[in-house]
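Naming: A, B, ... by sequence-line order, numbering from 1 per chain. The figures that follow rest on heavy atoms only: side chains count, while hydrogens, waters and symmetry mates do not.
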Amino acid sequence: MAFEEQTNTRTANADQPEKRLSRTDLMRMAVRSFFLQSSFNYERMQAGGWLYSLMPALKKIYRKREELSDAMKRHLDFFNTHPFLVTPILGIVAAMEESREKPDAIRGIKVGMMGPLGGVGDAVAWLTLLPITAGIGASIAMEGSLAGPIVFLLTFNAIHLMLRFGGIFYGYNTGVKALQKLKSGTQAISRAASIVGLTVVGGMIASYVKLSTPAKIPIGKESFEIQKELLDKVMPNLLPLTYTLLIFFLLKKGYSPLKLIGITVLIGVAGKYFGVL
Amino acid sequence: MAFEEQTNTRTANADQPEKRLSRTDLMRMAVRSFFLQSSFNYERMQAGGWLYSLMPALKKIYRKREELSDAMKRHLDFFNTHPFLVTPILGIVAAMEESREKPDAIRGIKVGMMGPLGGVGDAVAWLTLLPITAGIGASIAMEGSLAGPIVFLLTFNAIHLMLRFGGIFYGYNTGVKALQKLKSGTQAISRAASIVGLTVVGGMIASYVKLSTPAKIPIGKESFEIQKELLDKVMPNLLPLTYTLLIFFLLKKGYSPLKLIGITVLIGVAGKYFGVL
Amino acid sequence: MAFEEQTNTRTANADQPEKRLSRTDLMRMAVRSFFLQSSFNYERMQAGGWLYSLMPALKKIYRKREELSDAMKRHLDFFNTHPFLVTPILGIVAAMEESREKPDAIRGIKVGMMGPLGGVGDAVAWLTLLPITAGIGASIAMEGSLAGPIVFLLTFNAIHLMLRFGGIFYGYNTGVKALQKLKSGTQAISRAASIVGLTVVGGMIASYVKLSTPAKIPIGKESFEIQKELLDKVMPNLLPLTYTLLIFFLLKKGYSPLKLIGITVLIGVAGKYFGVL
Amino acid sequence: MFTEALLIALWAGIAGIDQFNGLTHLHRPIVTGMVVGLILGDFQTGLIAGATLELVWMGMVPLAGAQPPNVVIGGIMGTAFAILLDQDPKVAVSIAVPFAVAVQGAITLLFTVYSPVMHKMDRYAERSNDRAIDWLNLSGMGVLFIFNTIIAFLPIYYGVEAASSLVESLPSWLMEGLSVAGGMMPAIGFAMLLTVMLKKQYTAFLIAGFAIVTYSDISLLGLAILALAFALYDFYQRETPFAKEEKTSGI
Amino acid sequence: MFTEALLIALWAGIAGIDQFNGLTHLHRPIVTGMVVGLILGDFQTGLIAGATLELVWMGMVPLAGAQPPNVVIGGIMGTAFAILLDQDPKVAVSIAVPFAVAVQGAITLLFTVYSPVMHKMDRYAERSNDRAIDWLNLSGMGVLFIFNTIIAFLPIYYGVEAASSLVESLPSWLMEGLSVAGGMMPAIGFAMLLTVMLKKQYTAFLIAGFAIVTYSDISLLGLAILALAFALYDFYQRETPFAKEEKTSGI
Amino acid sequence: MFTEALLIALWAGIAGIDQFNGLTHLHRPIVTGMVVGLILGDFQTGLIAGATLELVWMGMVPLAGAQPPNVVIGGIMGTAFAILLDQDPKVAVSIAVPFAVAVQGAITLLFTVYSPVMHKMDRYAERSNDRAIDWLNLSGMGVLFIFNTIIAFLPIYYGVEAASSLVESLPSWLMEGLSVAGGMMPAIGFAMLLTVMLKKQYTAFLIAGFAIVTYSDISLLGLAILALAFALYDFYQRETPFAKEEKTSGI
Ligand SMILES: OC[C@H]1O[C@H](O)[C@@H](O)[C@@H](O)[C@@H]1O
Ligand SMILES: OC[C@H]1O[C@H](O)[C@@H](O)[C@@H](O)[C@@H]1O
Ligand SMILES: OC[C@H]1O[C@H](O)[C@@H](O)[C@@H](O)[C@@H]1O
């Protein structure tokens, strides 16, 4: 791997003044990272926002005009990662720029990190943190309590801000060594997130998908309520679970979510019309 | 091991027309396997039913009278396995007969599989699947709902039929290779079945064994209800658990179930007579 | 390690009459061990009680006055271990004295065992067994039932006596071999005890720490009950958990329990005064 | 009464076949109890007595050909007499046992005397007469059908009256005691299961199942689902140790 | 009505910015529903409709830049129309979808036509003009604000009346059917989450979560805490195998 | 009052012995509370005050000879005064603490001044006088008995009246505040347990126990049983890795 060489290069530059970036510089980069996607486009995605976020570091490091211009051009390449996890990359790249690593090394690290961090971020933030906090918030809001949205915003952003501001210092201070820690930590975090996330999704299927049948089969004077006397006996929430799994398999078969929304509307309306839903 | 050689033998016979048995032949064998125990006896156990089940394959493979007679005689040896898991053996043996393996090899495989599959089948079908499905069915039936027996028959036979019909194709298509997969799968399945089975048995002890005492100790004007104020405080279902464990240890010590049924009747009647049960 | 040599020494002494100590002798030692701490003092801690407990063995083994006096002096060294786990050490040491092991070997074993068994005993008996049995007893007693203290005394002492009386025979019969078993068992037992203990402590925090706020925020004619409409929505028992964790961190920071009791009294009184508790 | 006795007997015949052939398990008390209840016009008692008997027979399964007390006749007689004598379903157990034990012996005998059939088969095999072997094999079902039909018919048709007057003459505490014993009886089925299933490394699950049901309102299916989830976790836990999983990980 | 429509539109503008910048997620239906409810004077319906829509959009998150049906406009329109047309909050879902899908297309288009901005940046970088780059980057927010404001304002200000008379002319079973469909809709969100999250070794947890909630009264937070405890156990279980732990042990 | 004070004092003497000898733990507040309640004719309050004090003393155990606030005198004084002053059992805690702390110091002193006894023993050992050593060892119990009896007797016999008039003169919010504090007090016992028991790999269980009790109706024993089941699973999980188990498998 190329890592070792880079670290060597860095040590070789030990005569360079290191750690010129101040706490404030790093904080400013973290704050700017909130605007990572302001000029999002399908040509280079977050490239504009990346340069915007890195600017405070570049301006401090490269005092000469040409050097700065060079660096800026280098950082307008295609870039895309998870917006909450951009800060560790910013931190590492800033540290590397500061110790004048070779541009190719910097580009390598940048590209090598953006993919995995994008994936992990999507898994942890969009697919676990968001469903859990929003799910809990929704469960409170459903009862008509203002606490729902508040709990959601507070818990979600507590972690959001921790990632952003923690990430920049972690990346800058640990430098390329952070990479190896990330590597082993990533796997464990994904697993833990999946455990918690899927448990909660299982619970949400049981509590939020509403589907039951009012149908009755008349037997003499009495009548047999299918929901209460059969389905609920077998397992409560049987229909919600079945329907969710059905949708899941249709999605796997390539049905688009939109089509499935349409089908759901049809089933709901027809079911009501015929008195079975 | 002898396996490798057999496989070689088989490949050597590659000029033989393979896969002559049709889907229908295999299906007929699976259906016949339902009558595996029709002539059950303590001399050779399922031998008659085994030959009966294998017949469709033998007739297709051995067109000459003497060959057929030979094969039939070979398959009247002692045989006994779990009735739901006979089909994988039928499948493998049919495949071997078809490729004219040596009779000794076939007999080896047959005998080598019937024991382990008998044990696993007893553990999984009789001691786990049956208690769980029947237990769940009984819990519904206890409330007087028709759904009890129905749920039992449907769930039990869903797996029953899957094993039978899945097994024959699995055995025939995978041939002797199936053996190795079985070997590693068996262990994991037994473990999973034990986990689920014992959890449910634990639950059934708590919900089905009915044992409590109406005895009261008078203290002045009031009275101390042993069940409610002592036993239930310590642990609900304490007596059912204790009694089950007692029976368990007596069984381990060699008491026959019949004797324990007698003892239970005595305890019940005497307990009622003396007002402590 | 010195173990192997000792075992050799012992075998070398095979001409000595072994196993002279009777069941009664061992029982008497176990009974005497109840008074292990009767002369507890900060100079040699349980040394007096140790000699007192070992006396029946020494008197049987050393018939000559000088030998006995020698042995007694040797066993007045500093000694301290967990009082419930002293018996395995008594057993091993008695077995060693009986086969006339070298005094240094005996002292080595004694000192080598008292530390670890002290630690394990504290972890298992004082920090797990006691909280669990007392916690369960308290939960029953809280409802005003006599069964609370009884259940506590019975369950606690069942294990207490098992350790004492089981330990002496185990130690004596297994001899120094017991050491190796103890070594691997200790770890597993500590882990299991921690699992059960901490689960129960978690449960006790939820059921025994009483802390809630009656404060309301008036909104127009209505009022917003902080406890019911916010805290309980987020999580029941939020305040008890928070307070316990707070105390925990203060203890870690070096606050004395006494100071924290004082602080708690202050908070309680002030909270009541200002109507927020 | 004749019609009912006949219908029950026919059902016993069918169940007797299913016990060894087909094995759809409609011969288990949970099903036969309901059917007998239907025939005798007391569906509810039939269901509940059947469910009660089912639990008692839980661990009594035929392993390696060994016959436990007969579940078919036990289930049918227990339910039928409980209904006809107007007793608590739990009393069914004490009634069922003597029948079940008697038939256990009879079946064992049957499987012994059926041995000569094998020698006949040997001879047919010699002549490669597969038709004859087919019939000889299937013939066992006829024997089972006739056997069970008769065994079920006689006591119900001839015995109920006698039993009824016997029961009336018994003191009430005796019948109530039998009912108490019936409630305890499932302990035997479960204990038998445990003798076969319980290994020390699985004790945890027995304990957990007991505690969860004792301290919550979960149904048995709910419990089974939870246990399944745990078994799945355990399975993958053992399959993919961390080191291995980690090796395949990204970045 | 003009004031309300304007306020909602401005809020849509803010939420539209937050969707890509800031990402505090005040743009999610659970928050916007409440805000729209406040503006329209029906706080409760807003909260509940928002929560309902939140669940539907659960799995619809932007992965690798791909846009799902727009959550901002979907959430706002769904809630606003549910309140203004006086419908069951569950009906909000069927209303929200067409808007959300239309805007999904519009945003994709926007991100495409925004590409030339990059070339401008290249030129500014050449001249190391960081100020210009700052402004160019931030400009996107203005576009999003204006876009969302307009898209939200028009249908509410001009469309409610028409929609209202339309709804009145519809048979009641249709609206009730939409409400049923709304109740089923979260299944889609959850199924989408599953397509991304569910690997076979995690099935256990999906099952456990479902069973625990089905058979107990636990809240989702309680469930999440339990799951967290399990994840912690699992984590340390994998980290310290017994052998290793044992080595460090005492005696 | 004299009789009661004397009985309590004698009980304190016995409990004081049990604290270091015997260790049957009848000296814990859960038992002494009940006994004091019996003596003072208020069994219920005694039980509940004892249980409350038990929880506070939960983590305060003697490790390596270090003395925590004295559990014997704390438990007895707390309960006795709560009953005699007719206070909420939770107030018992605030009363108990000052006594317990004073006696903690006294016991530490006692164990220090008891050191010379060892030198006497040395001399008896020289002469192999085992009888003398027996008596010398057991003598400590007498000291503990007398010490605890006196310490318990004096405040109860002489102090209640003064305390009673003091309490009456106090504002009600003060006593109620003490009761609130008493309710919070177990947090200290639990936190002390945690400082010794909690390692990071066990956090999972603390969380799980808390969540299970918070979100269900399980009793502590039920929880302990569940935890035991888990510990058993964990134990065998670590003992038999799959590979090994598989090797011994059949076929
Ligand atoms: O043990 C294997 C097998 O043996 C016999 O064939 C019968 O008892 C079956 O019920 C059993 O499954
Ligand atoms: O996949 C990484 C990343 O890609 C794009 O930038 C957006 O879709 C983000 O939401 C996503 O997190
Ligand atoms: O630590 C071991 C041991 O030390 C002292 O003897 C006492 O504090 C005991 O309670 C403790 O168990």
Side-chain angles (χ1 to χ4, degrees), chain A residues 34-35 37-39 41-44 48-49 52 55 65 68-69 72-73 76 122 126-127 131-132 134-139 141-142 144 149 152 156-157 192 194-196 198-203 205-211 236-237 243-244 247-248 251 260-261 264-265 268-269 272-273 277, chain E residues 20-25 30-31 34 44 47 51 54-55 58 61 63 65 94 97 111-112 114-115 117-118 121-122 125 128 130 137-138 140-141 173-174 176-177 180-181 183-188 190-191 193-197 202 205-206 208-210 213-214 220-221 223-224 227-228 231 235:
Chain A
F34 283 94
F35 304 97
Q37 302 190 121
S38 293
S39 57
N41 62 77
Y42 284 140
E43 188 184 306
R44 301 191 210 158
Y52 173 78
M55 229 35 242
R65 231 188 115 108
L68 182 57
S69 158
M72 285 170 74
K73 280 190 285 177
L76 272 173
D122 284 356
W126 293 165
L127 298 169
I132 290 179
I136 290 170
S139 76
M142 283 290 187
F152 163 64
F156 182 86
N157 284 303
S194 294
I195 289 177
V196 179
L198 280 165
T199 308
V200 172
V201 170
I205 291 172
S207 51
Y208 291 135
V209 181
K210 302 283 175 224
L211 187 55
N237 294 325
Y243 194 69
T244 307
I247 299 279
F248 173 68
L251 283 170
L260 294 169
I261 288 177
T264 304
V265 168
V269 170
K272 191 83 210 171
Y273 187 76
L277 287 183
Chain E
F20 298 105
N21 311 276
L23 294 160
T24 63
H25 280 61
I30 187 175
V31 182
M34 177 187 69
Q44 291 293 317
L47 258 180
E54 184 63 47
L55 296 171
M58 195 138 264
V61 285
L63 303 178
S94 310
V97 170
F111 287 167
T112 310
Y114 222 72
S115 298
V117 160
M118 295 315 296
M121 285 205 184
D122 286 340
S128 62
D130 63 300
N137 183 53
L138 298 177
M141 293 198 289
W173 57 260
L174 186 60
E176 284 168 18
V180 168
M184 298 162 69
M185 222 57 106
I188 297 172
F190 300 143
L193 272 181
L194 292 184
T195 53
V196 204
M197 293 175 78
Y202 298 137
F205 299 98
L206 183 72
F210 178 81
V213 168
T214 294
L220 280 186
L221 182 64
L223 185 69
L228 177 71
F235 175 79

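If you check the side chains of A:N157 and E:T24, you find no donor sitting under 3.5 Å from an acceptor.
When heavy atoms are compared at a cutoff of 4.5 Å, A:S139 approaches chain E solely by way of its side chain, counted from C-beta outward. Proximity to chain A (any heavy atom under 4.5 Å) is shown, for E:M184, by both the backbone and the side chain. For A:M142, the parts lying under 4.5 angstrom from a heavy atom of chain E are both the backbone and the side chain. Contact of E:L194 with chain A is made through backbone and side chain together, with heavy-atom distances under 4.5 Å. For chain E, the nearby part of A:F156 is the side chain; its heavy atoms alone come within less than 4.5 Å. With a threshold of 4.5 angstrom between heavy atoms, E:E176 approaches chain A through its backbone and through its side chain.
Scanning both residues, E:W173 and A:K272, for their nearest heavy atoms gives O-CG, 3.8 Å. Taking each heavy atom of A:I247 and E:A191 in turn, the nearest pair found is CG2-CB, 3.4 Å. E:A231 and A:V196 make their closest contact through CB-CG2, 4.1 Å (heavy atoms, listed as atom of the first residue, atom of the second, distance). Closest approach of E:S94 to A:V265, counting heavy atoms only: OG-CG2, 4.0 Å. Nearest heavy-atom pair across E:M197 and A:L127 is SD-O, 3.0 Å. When all heavy atoms are compared, the tightest approach of A:S69 to E:A125 is OG-O, 3.3 Å.
For the set E:A224, E:G140, E:A181, the entry with the most heavy-atom pairs within less than 4.5 Å of chain A is E:A181. Looking only at heavy-atom pairs under 4.5 Å with chain A, the residue among E:A208, E:P186, E:A227 that has the most is E:A227. When A:L260, A:T244, A:L277 are compared by the number of non-hydrogen pairs under 4.5 Å with chain E, A:T244 comes out ahead. Interface summary for chain A: among E:V180, E:V213, E:V196, the most heavy-atom pairs under 4.5 angstrom belong to E:V213. Among the candidates E:M58, E:H25, E:M34, the residue making the largest number of heavy-atom pairs closer than 4.5 Å to chain A is E:H25. For the set E:M141, E:M118, E:E54, E:M121, the count of heavy-atom pairs under 4.5 angstrom toward chain A peaks at E:M118. Options E:L138, E:L63, E:L221 differ in how many heavy-atom pairs under 4.5 Å they form with chain A, and the most are formed by E:L138. Between chain E and the residues A:G135, A:A192, A:P236, the most heavy-atom pairs under 4.5 angstrom are made by A:P236.
Using a 4.5 Å heavy-atom cutoff, the side chains of A:D122 and E:V61 are not in contact. Looking at heavy atoms from C-beta onward, E:V117 lies out of side-chain contact with A:E43 at the 4.5 angstrom threshold. Considering only heavy atoms from C-beta on, E:L47 comes within 4.5 Å of A:P149 through its side chain. You'll find the side chain of E:L23 stays beyond 4.5 Å of the side chain of A:F34, heavy atoms only. Looking at heavy atoms from C-beta onward, E:D122 lies out of side-chain contact with A:K73 at the 4.5 angstrom threshold.
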**Request:** Determine, step by step, whether E:F210 and A:V201 satisfy the side-chain contact (heavy atoms from CB on, under 4.5 Å) criterion, reporting the C-alpha distance in whole Å, the side-chain angles of both residues, the deciding distance to 0.1 Å, and the verdict.
**Result:** CA-CA 8 Å; E:F210 178 81; A:V201 170; over 6 Å; no

**Request:** Go through A:R44 and E:S115 one step at a time and tell me if the side-chain contact (heavy atoms from CB on, under 4.5 Å) criterion holds.
**Result:** CA-CA 8 Å; A:R44 301 191 210 158; E:S115 298; over 6 Å; no

**Request:** Evaluate the side-chain contact (heavy atoms from CB on, under 4.5 Å) criterion for residues A:L198 and E:L193: first the C-alpha distance (whole Å), next the side-chain angles of each, then the deciding distance (0.1 Å), finally the verdict.
**Result:** CA-CA 9 Å; A:L198 280 165; E:L193 272 181; over 6 Å; no

**Request:** Please step through side-chain contact (heavy atoms from CB on, under 4.5 Å) for the pair E:Y114 and A:S39, ending with a clear verdict.
**Result:** CA-CA 7 Å; E:Y114 222 72; A:S39 57; 4.1 Å; yes

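A 6.0 Å sphere centred on OH of A:Y42 holds more than 12 heavy atoms belonging to other residues, nucleotides or ligands.
Of the possible donor and acceptor atoms, one in the side chain of E:Q44 sits under 3.5 Å from a partner among the backbone N and O of A:G144. No donor-acceptor pair closer than 3.5 Å links the side chain of A:N41 to the backbone N or O of E:F111. In this structure, A:Q37 contributes its side chain and E:N21 its backbone to no donor-acceptor pair below 3.5 Å. Using a distance-only test at 3.5 Å, with no hydrogens or angles considered, a donor-acceptor pair links the side chain of E:N137 to the main chain of A:F35.
Distance CE/A:M72 to OG/E:S128: 6.0 Å, rounded to 0.5 Å. Put simply, CZ on E:F190 and OH on A:Y208 are 7.5 Å apart, with the number rounded to the nearest 0.5 Å. Taking OG1 of E:T195 as the start and CZ of A:F248 as the end, the distance is 6.5 Å to the nearest 0.5 Å. With rounding to the nearest 0.5 angstrom, the CD1 atom of A:I205 is 11.5 Å from the CG atom of E:L55. Summarising the geometry, atom CG belonging to E:L220 is positioned 11.5 Å from atom OG1 belonging to A:T199; distances are rounded to the nearest 0.5 Å. Atom CG of A:L68 sits about 7.0 Å away from atom CG of E:D130, to the nearest 0.5 Å.
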